[in-house]
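Letters go in sequence order (proteins before strands), and every chain restarts at 1.
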Amino acid sequence: DQQVKQNSPSLSVQEGRISILNCDYTNSMFDYFLWYKKYPAEGPTFLISISSIKDKNEDGRFTVFLNKSAKHLSLHIVPSQPGDSAVYFCAASRGFKTIFGAGTRLFVKA
Amino acid sequence: KAGVTQTPRYLIKTRGQQVTLSCSPISGHRSVSWYQQTPGQGLQFLFEYFSETQRNKGNFPGRFSGRQFSNSRSEMNVSTLELGDSALYLCASSLRQGPEKLFFGSGTQLSVL
């Protein structure tokens with residue numbers, strides 16, 4: 001039962017361009033959404049989050065958009081940098097439980 | 001402030017054995033969660049502890065168990081290991097329960113032969 005889906009296993013983007021990572025969820029009860037970044041041999045690190053009462057949250061080069069009617073969120077990285085190459089996990093939270101997607105591997109080419 | 005510490009970093013076991021993984025959360029954090037990461041499956045939620053009580057559990061068999069001590073340190077145990085248990089096991093801590101960002105350790109890479 002995959003409640004949080006990241007349908008693109010990988011994404012390749014040129015340095016300086018925009019990276020858009022997508023995430024869909026099935027449970028409308030989720031009320032908090034987060035993105036994490038993971039480098040090899042390290043644990044995931046928190047990147048940005050958004051509450052269900054908002055539709056956009058911005059932090060520097062990172063912006064998360066939430067479309068509740070479509071049960072869809074996306075992470076925009078502008079401009080993309082080679083150091084952004086990592087696996088990105090979206091997560092949805094309700095109460096005491098946080099469910100993660102399978103991750104999208106982002107390659108930013110110099 | 002020290003981050004989340006997981007030990008050991010790597011572990012090799014054979015089928016049928018049991019294993020115990022350890023996690024020390026960030027000082028002051030009272031909630032500890034465990035996740036299993038396998039290729040293509042993302043992070044699968046195992047369980048979450050708060051104040052020494054298991055508050056939430058994922059869809060894993062009873063061979064997977066855990067506990068939390070009074071100092072918030074947590075252990076995870078897997079008994080009767082199977083080949084499919086080979087994975088990266090991640091521990092995460094947060095200050096409180098509920099929708100908060102999690103702070104992850106580097107994980108324990110378990111290989112079952």
Novice: Need one label for B/Phe103: side chain, backbone, both or neither, based on atoms under 4.5 Å from any heavy atom in chain A.
Specialist: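 For B/Phe103, no heavy atom lies under 4.5 Å from chain A.
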Novice: If you count the non-hydrogen atoms of other residues, nucleotides and ligands that lie under 6.0 Å from CZ in A/Arg17, is the total more than 12?
Specialist: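 Count not over threshold, so no.
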Novice: Considering all heavy atoms of both residues, which atom of A/Ala41 and which atom of B/Ser106 are nearest to each other, and what is their separation?
Specialist: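 So the minimum-distance heavy-atom pair works out to O-CB, 4.2 Å.
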Novice: Checking heavy atoms, do the side chain of B/Leu102, its backbone, both or neither come under 4.5 Å from chain A?
Specialist: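 For B/Leu102, the contact with chain A is made by backbone and side chain together.
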Novice: Tell me which of these, A/Pro44, A/Gly103, A/Gly101, A/Ser51, has more heavy-atom pairs under 4.5 Å with chain B than the rest.
Specialist: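 Option with the top pair count is A/Pro44.
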Novice: Would you indicate whether B/Arg73, at its atom CZ, is surrounded by more than 12 heavy atoms from other residues, nucleotides or ligands within a distance under 6.0 Å?
Specialist: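 More than 12 within 6.0 Å, yes.
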Novice: What is the distance from atom OH of B/Tyr35 to atom CZ of A/Phe89, rounded to the nearest 0.5 Å?
Specialist: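 B/Tyr35 OH to A/Phe89 CZ: 11.5 Å, rounded to 0.5 Å.
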Novice: A/Tyr36 versus chain B, heavy atoms under 4.5 Å apart: side chain, backbone, both or neither?
Specialist: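 Only the side chain of A/Tyr36 comes within 4.5 Å of chain B.
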Novice: How many angstroms lie between atom CD1 of A/Ile48 and atom NZ of B/Lys101, to the nearest 0.5 angstrom?
Specialist: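 It is 11.0 Å, given to the nearest 0.5 Å.
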Novice: Hey, is CZ on A/Arg61 packed in by over 12 heavy atoms from elsewhere, all under 6.0 Å?
Specialist: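 Yes, the 6.0 Å shell around CZ holds more than 12 heavy atoms from other groups.
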Novice: So for B/Leu90, is it side chain, backbone, both, or neither that comes closer than 4.5 Å to the heavy atoms of chain A?
Specialist: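 For B/Leu90, side-chain heavy atoms alone lie under 4.5 Å from chain A.
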Novice: Quick check on the hydrophobic clustering: are A/Leu75 and A/Phe107 connected, directly or via other members, by side-chain heavy-atom contacts under 4.5 Å?
Specialist: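 A/Leu75 and A/Phe107: separate clusters.
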Novice: Does any heavy atom of chain A fall under 4.5 Å from the side chain of B/Gln37, the backbone, both, or neither of them?
Specialist: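 Just its side chain gets close to chain A.
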Novice: Answer with side chain, backbone, both or neither: which region of A/Ala92 has an atom nearer than 4.5 Å to a non-hydrogen atom of chain B?
Specialist: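 Neither part; nothing is under 4.5 Å.
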Novice: Hydrophobic clusters join Ile, Leu, Val, Met, Phe, Trp and Tyr when side-chain heavy atoms are under 4.5 Å apart, directly or via other members; which others share one with B/Leu113?
Specialist: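 Members other than B/Leu113 - counting any ILVMFWY side chain reachable under 4.5 Å - are B/Ile12.
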Novice: Following the transitive rule for hydrophobic clusters with a side-chain heavy-atom cut-off under 4.5 Å over Ile, Leu, Val, Met, Phe, Trp and Tyr, establish whether B/Phe60 and B/Val112 coincide in one cluster.
Specialist: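 As far as the 4.5 Å side-chain criterion goes, B/Val112 and B/Phe60 are connected within one cluster.
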Novice: How many angstroms lie between NZ in A/Lys38 and CG in B/Leu88, if you round to the nearest 0.5 Å?
Specialist: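 Nearest 0.5 Å value for the NZ-CG distance: 5.5 Å.
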Novice: Could you pull out the closest heavy-atom pair between B/Phe45 and A/Thr98, with the gap in Å?
Specialist: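 It is CB-O, 4.3 Å.
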Novice: Could you state whether A/Tyr88 and A/Leu11 fall into the same hydrophobic cluster, counting links through intermediate Ile, Leu, Val, Met, Phe, Trp or Tyr residues with side-chain heavy atoms under 4.5 angstrom apart?
Specialist: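 Yes; tracing contacts between hydrophobic side chains, which count when under 4.5 Å, links both residues.
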Novice: Taking only residues two or more places apart in sequence or in another chain, which ones pass salt bridge (charged side-chain N to carboxylate O under 4.0 Å, His left out) with B/Arg67?
Specialist: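 Here the qualifying residues are B/Glu75.
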